[in-house]
Amino acid sequence: MYHVRPSYLRPEGAVPADSESREPQVSAKVATGLLLLQDLVALPAMAALAFALKLSNDPFASPSLYATVAALGTLLALNVFHFAGIYSTGTIHKPLATMRRMALCWLGVAVALVALGFLTKMSQEFSRTWSLMWFGLGLASLLAIRAVFYWRAANWIAQGRLSTNVAVVGTGPLAERLAIQLYSQRNAGIRVVGIFADNSLHEGPQGLSGNRDGALEELIAWARRDRLDTVIVAIPTEEETRLQHVFRRLREIPVNVRLCPGAIALQLVNHDVSHYGGVPTINIAEQPLADWRKAMKDIEDRILGAAILTLISPLMIGIAVAIKATSRGPVLFRQPRHGYNNEIIEVLKFRTMYVDQEDRDGNVSTQRHDPRITPVGRLLRSTSLDELPQFINVLRGEMSIVGPRPHALSSKAGGYAFHEAVSQYDARHRMKPGITGWAQVNGWRGPTDTVRQLRERVEHDLYYVDNWSLWLDIKIIVMTIFKGFRSKNAF
């Protein structure tokens, strides 16, 4: 028997292959693409409605000027929505999260327009009431469009019209494991119609015979009487003759044909494919920051770093005077630590220890009531004010405002060097170290005496590295302002 369809591949409510009452398929790409067109119409329409309600009788209001601003805001919003993934097909299965993200993006566009008006000194030319009405009506229309769309999408999903019908060709554990993996994604719109054996395992010395293609014939017949979108071939890549035969037969039907390159592919879920010199390669890991993402992070660090350093300079001068007046030695403490890509950088801090008891390499962790710490240093450490000189490191390009905290070279957890205690420790250094970070605002600051403490910190740091966004940085900065300066673990 060539066609295998285990019970776990029979989703409840699936439309039978021979059903004659099937509704036509809905293209997820077309459906989400139509959202862009609706937004393109809705946002200018809401701007016009706000103008009609507020300014239609105002002889000084210029319709063309307001129309220009509405066009600029609409184009900016559509581009922001696109880069935020609002129009991607995956949003169909995440309606609430997508609507929240869209609302935040629209708020960001509104703030950008206000800032632009302020910088160009054009804000006084526009009615604030019109601006607020347009933002409110625009948000309401965007949410209403998506509420209707996601309601319809739920019906399409229930009817199987948004599903992608997938067949697996192959034999043995690889094909079955692939089918199970695909079936686990059924909530994302994937419907596995079955596993088809290609029968070439029975080939004789004369090669493949046309009589021995019962499974492929059945698959081809299936595709001709029912909707089949994609066929994934799960045959070992070293069996070239077998693969060529299967690919040749599958060219007879209008489906996407994909190759699962062995069992390792099942461990590479959600990895994309890149082409180098025409050769397809699987993306195993990505640079956390590259191209525009790197440029955005650098701009954030330089602009915010300069602004913050200017604001806190009087405070830093006061701290410097207090340190100099209460203990001998330099104001700043320079400590070598691991930076980006394990490069050794010299991190600046206000000196908090007596000069003859400083520990440049971090051989001994700081303890509560540590006798090495000066009275002024104790206050600085408990409030994290000793870290303020690191904004100089930020402007020098050695650190970021937000990132994994840098550690002293000889730091240990449970008696082990950090890189020995946690195998993924050095993966933190794929980004510049930061003054504050995701681990710190989630309570993982202070000593790392145990391996568990270090592991929790590293896990939070790696989450930040793998999920970096400008919004995440802003969130961490805000959390730092409200709860990041003081901690029971800071001493």
Is the shortest side-chain heavy-atom distance between [X] and [Y] below 4.5 Å?
X      : Y      : value
Leu35  : Phe81  : no
Asn393 : Arg396 : yes
Ile145 : Asp39  : yes
Phe418 : His338 : no
Glu387 : Lys349 : yes
Glu456 : His460 : yes
Trp134 : Leu49  : no
Arg146 : Thr91  : no

[X] (side chain) donor-acceptor with [Y] (main chain) under 3.5 angstrom:
X      : Y      : result
Arg101 : Ala84  : yes
Arg405 : Gly434 : yes
Trp106 : Gly136 : no
Arg457 : Ala439 : no
Lys324 : Val331 : no
Ser131 : Ser127 : yes
Arg293 : Pro288 : yes

Just checking, is any N or O donor in the side chain of [X] or [Y] under 3.5 Å from an acceptor N or O on the other one?
X      : Y      : result
Asn342 : His429 : yes
Thr436 : Thr480 : yes
His407 : Tyr425 : yes

Who passes ring pair (Phe, Tyr, Trp, His ring centres under 6.0 Å) against Tyr463, sequence neighbours left out? Trp438
Taking ring pair (Phe, Tyr, Trp, His ring centres under 6.0 Å) as the test, write out the residues that go with Phe350, two or more places apart.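 Result, ring pair (Phe, Tyr, Trp, His ring centres under 6.0 Å) vs Phe350: none returned.
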For [X] and [Y], work out which heavy atoms get closest and say how close.
X      : Y      : result
Thr310 : Ala306 : OG1-O, 2.8 Å
Phe135 : Ala110 : CD1-CB, 3.7 Å
Ile345 : Glu398 : CD1-O, 3.8 Å
Gly403 : Tyr464 : CA-CE2, 3.7 Å
Val41  : Pro44  : O-CD, 3.4 Å
Asn165 : Asp229 : N-OD2, 2.7 Å

Distance in Å, [X] [atom1] paired with [Y] [atom2], rounded so as to fall on 0.5 Å steps:
X      : Y      : atom1 : atom2 : answer
Ile477 : Glu300 : CD1   : CD    : 5.0 Å
Met431 : Lys294 : CE    : NZ    : 10.5 Å
Met353 : Arg378 : CE    : CZ    : 10.0 Å
Asp301 : Asp473 : CG    : CG    : 7.5 Å
Met133 : Met46  : CE    : CE    : 10.5 Å
Met479 : Asn442 : CE    : CG    : 5.0 Å

Show, in sequence, the C-alpha distance, side-chain angles and deciding distance for Phe391 and Ile401, and conclude whether the side-chain contact (heavy atoms from CB on, under 4.5 Å) test is met. CA-CA 7 Å; Phe391 282 101; Ile401 296 175; 4.2 Å; yes
Does Tyr150 OH have over 12 foreign heavy atoms under 6.0 Å away?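 More than 12 heavy atoms, drawn from other residues, nucleotides or ligands, come within 6.0 Å of this atom.
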Near Arg152 CZ, under 6.0 Å, is it more than 12 heavy atoms from other residues, nucleotides or ligands? no
Derivation of the side-chain contact (heavy atoms from CB on, under 4.5 Å) call for Thr326 and Thr374: CA-CA 8 Å; Thr326 56; Thr374 67; 5.6 Å; no
Test log, rule salt bridge (charged side-chain N to carboxylate O under 4.0 Å, His left out), inputs Asp461 and Arg430: CA-CA 11 Å; Asp461 288 338; Arg430 290 181 293 154; over 6 Å; no
Checking side-chain contact (heavy atoms from CB on, under 4.5 Å) for the pair Leu78/Tyr87: CA distance, chi angles, key distance, verdict? CA-CA 9 Å; Leu78 295 182; Tyr87 300 120; 3.2 Å; yes
Stepwise, does the side-chain contact (heavy atoms from CB on, under 4.5 Å) test hold for Val80 with Ile86? CA-CA 9 Å; Val80 171; Ile86 303 298; over 6 Å; no
